[in-house]
Enquirer: 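Okay, here's the structure, questions in a sec.
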Amino acid sequence: MSLMTVNQVADFLGVKDVRVIRLEREHLLRAADKDAEGNPLFDKTDVEKYKEIAERLGGI
């Protein structure tokens with residue numbers, strides 16, 4: 001399992017960091033773990049699946 005930071009996910013999805021935090025808070029993108037500072041870390045596979053579904057539905 002490869003973990004991505006909020007910043008990495010934001011870059012991958014082409015959105016701002018706050019959008020990624022909101023997606024996690026609203027349970028649209030599930031955090032796999034937390035870093036030492038308590039920030040969410042996301043499984044790369046989950047992020048890729050989310051992006052694919054979001055694009056099918058008309059965008060992120």
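Because the structure is predicted, anything quoted here is derived from the model rather than measured. We're numbering straight along the sequence, starting at 1.
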Enquirer: When rounded to the nearest 0.5 angstrom, what is the spacing between OG in Ser2 and CG in Asp46?
Expert: 11.5 Å

Enquirer: Using 0.5 Å steps for rounding, measure from the CZ atom of Arg25 to the CD1 atom of Ile21.
Expert: 8.5 Å

Enquirer: Between Gln8 (side chain only) and Thr5 (backbone N and O only), is there a donor and an acceptor less than 3.5 Å apart?
Expert: yes

Enquirer: Give the intermediate values and the outcome of side-chain contact (heavy atoms from CB on, under 4.5 Å) for residues Tyr50 and Val9.
Expert: CA-CA 11 Å; Tyr50 173 80; Val9 173; over 6 Å; no

Enquirer: Report yes or no: does Lys51 contribute a side-chain atom to a donor-acceptor pair with the main-chain N or O of Phe12 at less than 3.5 Å?
Expert: yes

Enquirer: Please report the shortest heavy-atom distance between Asp17 and Val6, naming the atom on each side.
Expert: O-CG1, 3.7 Å

Enquirer: Hey, what do you get for CG (Leu29) to CZ (Arg22), rounding to the nearest 0.5 Å?
Expert: 12.0 Å

Enquirer: Would you give the length of the straight line joining atom CE of Met4 to atom CD of Glu48, rounded to the nearest 0.5 angstrom?
Expert: 7.5 Å

Enquirer: If I take atom NZ from residue Lys16 and atom CG from residue Asp11, how far apart are they, to the nearest 0.5 angstrom?
Expert: 13.0 Å

Enquirer: So Lys34 and Asn39, do their side chains get closer than 4.5 Å, heavy atoms only?
Expert: no

Enquirer: If hydrophobic clusters are built by linking Ile, Leu, Val, Met, Phe, Trp and Tyr wherever their side-chain heavy atoms come under 4.5 Å apart, do Phe42 and Leu28 end up in the same one?
Expert: yes

Enquirer: Does the pair Asp43 and Val47 meet the rule for a side-chain contact (heavy atoms from CB on, under 4.5 Å), with working shown?
Expert: CA-CA 6 Å; Asp43 183 353; Val47 174; over 6 Å; no

